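Beneath this line is the structure, given in structure tokens, with notes to follow.
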Amino acid sequence: MTPSHHADELQKDLSCFFNQEICSFKSQESMMAQESPKNSAAEIPVTSNGEVDDSHEHGFNRDLKRSLPAGLGLSETQITSHGFDSTKEGVIEAGTLQGGQKTQTNSGPVILADEIKNPAMEKLELVRKWSLNTYKCTRQIISEKLGRGSRTVDLELEAQIDVLRDNKKKYENILRLAQTLSTQLFQMVHTQRQLGDAFADLSLKSLELHEEFGYNADTQKLLAKNGETLLGAINFFIASVSTLVNKTIEDTLLTVKQYESARIEYDAYRTDLEELNLGPRDANTLPKIEQSQHLFQAHKEKYDKMRNDVSIKLKLLEENKVKVLHNQLVLFHNAIAAYFAGNQKQLEQTLKQFHIKLKTPGMDASSWLEEQ
């Protein structure tokens, strides 16, 4: 027999073999489809531990793979069961045979859980952020004092702040001296009034010196009256300057402190960002750099806002300070000059000019009948 005859015989034998295998597979498929789910479930073997014995199932899958020729493109399905006491659901694994390899996709139930906000965790997060911010600011302050760290400086604004603080100290000194003068003048007026009363009493009891005691009594009473007028002007001066120093200037300095705190935070986060930018850039550092950039931008906006607020308050304070001090200094000068010149009329006119009302001794508060 020729070789071509042998090849034809071998090809016929292979064709018959494959046809028989395919028919056998189809008959097995039809028999499996006719079986009821109840009978299939009843024939599930169980091991001694109460678990499902899936050795038969794996054996069937193995025989099925062997009976199929490679490259038919049929899909493969494998069902994996768990024990009866398991709370998990069955997982169906499906894949496609491609070139002898299987691509699997897993599917299962999707569970959506709502995160419950815990107040304790929120407070802990706030404490963590505060601690981190305090650490960064403290490190920045120490590095600036040691001369190792850089700081942002607005030369024009810093100069205005220094002038304001220096002026506040000088105004406080003027305020202390004016209060001392007021206290001493009050004691002098009180002494003059007592001395006038003593002269008046002696004028009535001493007939020989009646006129002399009477002149001195009138003089001391006039001096006491003028002293009370001057005391009212000085106290009005003290109250106005005290309001300027302890309220207006202090409010501006409070804004300055907030500006300086914002500046320290801005420099601290700027330093962190510069250090991260100098380091390597990889998958671990890029998220940190992005977060640091976001924090730096937020503190930069805060710093710019506080700097603008300080500039506006300094401008308004300067205008208000000039107006207040101009009026108070004119009042103080005119009242002192009229008092020591003995010009009672001019002294009273000065108080009327600035709408100052003197309190009559012994009439500090009006009665309820007058109020009605």
Side-chain angles (χ1 to χ4, degrees), residues 110-169 171-172 244-321:
V110 180
I111 301 175
L112 299 176
D114 295 332
E115 296 183 358
I116 301 176
K117 294 183 179 180
N118 191 352
M121 296 302 295
E122 291 181 356
K123 292 181 180 180
L124 185 62
E125 182 66 17
L126 291 176
V127 171
R128 187 189 70 83
K129 291 181 179 179
W130 175 84
S131 302
L132 183 61
N133 185 72
T134 304
Y135 164 74
K136 291 179 181 293
C137 295
T138 304
R139 184 183 63 177
Q140 178 66 25
I141 293 173
I142 293 175
S143 63
E144 289 179 4
K145 290 184 177 180
L146 295 178
R148 299 176 181 176
S150 61
R151 64 187 299 264
T152 303
V153 179
D154 189 332
L155 296 178
E156 182 180 358
L157 189 61
E158 293 290 338
Q160 294 178 1
I161 293 174
D162 291 340
V163 170
L164 175 62
R165 286 174 173 162
D166 185 60
N167 287 338
K168 183 174 183 290
K169 292 180 180 179
Y171 295 156
E172 288 174 344
L244 175 66
V245 173
N246 297 324
K247 292 185 178 180
T248 308
I249 295 181
E250 191 65 30
D251 178 71
T252 304
L253 289 178
L254 180 61
T255 307
V256 170
K257 291 180 181 179
Q258 295 174 354
Y259 157 75
E260 291 176 345
S261 299
R263 197 273 307 166
I264 293 174
E265 291 179 355
Y266 165 71
D267 283 338
Y269 284 92
R270 176 182 57 81
T271 303
D272 282 351
L273 182 60
E274 291 175 354
E275 292 177 354
L276 289 174
N277 287 330
L278 293 176
R281 291 177 174 267
D282 51 23
N284 294 328
T285 59
L286 284 178
K288 294 181 180 179
I289 294 176
E290 184 178 356
Q291 182 182 9
S292 181
Q293 179 68 34
H294 176 71
L295 293 173
F296 165 75
Q297 189 64 30
H299 285 86
K300 183 177 183 301
E301 293 176 356
K302 180 181 178 181
Y303 167 72
D304 293 338
K305 179 180 179 300
M306 293 306 304
R307 181 175 59 181
N308 186 42
D309 291 347
V310 170
S311 300
I312 293 174
K313 282 202 170 185
L314 286 175
K315 183 178 179 180
L316 295 176
L317 175 62
E318 186 66 22
E319 296 175 355
N320 187 35
K321 180 191 72 173

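Because only heavy atoms are used, hydrogens play no part in the values below, and waters and symmetry mates are left out as well, while side chains stay in. Quick note: residue numbers are just sequence positions, from 1. Please read these numbers as outputs of a predicted model, since none were measured by experiment.
Here the straight-line distance linking atom OG1 of T152 with atom CD1 of I264 works out to 11.0 Å at 0.5 Å rounding. In this structure, the separation between OH on Y269 and CD on Q297 is 14.5 Å, given to the nearest 0.5 Å. Between the OG atom in S143 and the CZ atom in R148 there is a gap of 9.0 Å [rounded to 0.5 Å]. Between atom OH of residue Y266 and atom NZ of residue K300 there is a gap of 5.5 Å, rounded to the nearest 0.5 Å. A distance of 11.5 Å separates OH of Y135 from CD of Q140, quoted to the nearest 0.5 Å. Within the model, atoms CG of L314 and CD1 of I161 stand 6.0 Å from one another, a figure rounded to the nearest 0.5 Å.
A donor-acceptor pair under 3.5 Å is absent between the side-chain atoms of D166 and the main chain of D162, judged by distance alone.
No side-chain donor from either of N308 and S311 sits under 3.5 Å from a side-chain acceptor of the other.
Among the candidates T248, D251, T252, the single residue satisfying the side-chain hydrogen bond (donor to acceptor under 3.5 Å, both in side chains) test with K313 is D251. Tested against K168, the residues L244, V163, L253 include a single side-chain contact (heavy atoms from CB on, under 4.5 Å) partner, L253. Just one residue in the list R307, R165, R151 forms a salt bridge (charged side-chain N to carboxylate O under 4.0 Å, His left out) with E260, and that residue is R165.
Contact check on R139 versus D272 returns a salt bridge, with a Lys/Arg side-chain nitrogen under 4.0 Å from an Asp/Glu carboxylate oxygen. Salt bridge annotation for E172-K169: absent, with no cationic side-chain nitrogen under 4.0 angstrom from a carboxylate oxygen. A salt bridge links E144 and R263; the closest N-O separation between the charged side-chain nitrogens and carboxylate oxygens is under 4.0 Å.
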* After noting the C-alpha distance and the side-chain angles of L124 and N118, does the key distance pass the side chain to side chain contact (heavy atoms under 4.5 Å, CB included) rule? -> CA-CA 10 Å; L124 185 62; N118 191 352; over 6 Å; no
* From CA spacing to verdict: side chain to side chain contact (heavy atoms under 4.5 Å, CB included), L254, E250 -> CA-CA 6 Å; L254 180 61; E250 191 65 30; 5.9 Å; no
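Scanning both residues, T285 and R281, for their nearest heavy atoms gives OG1-CA, 3.3 Å.
The closest side-chain heavy-atom distance from L316 to E319 is below 4.5 Å. Contact check for S150 versus R270: side-chain heavy atoms found under the 4.5 Å cut-off. Contact of the Q160 side chain with the L164 side chain is not registered, since no non-hydrogen atoms from C-beta on lie closer than 4.5 Å. In this structure, D154 and Y259 have side chains that are in contact, with non-hydrogen atoms separated by less than 4.5 Å. With a 4.5 Å cut-off on side-chain heavy atoms, S261 and Q258 do not count as touching. In this structure, E290 and Q293 have side chains that are not in contact, with every pair of non-hydrogen atoms separated by 4.5 Å or more. Residues I289 and N277 are in side-chain contact: their nearest non-hydrogen atoms beyond the backbone lie under 4.5 Å apart.
Crowding of K136 atom NZ: a count of heavy atoms from other residues, nucleotides or ligands under 6.0 Å exceeding 12.
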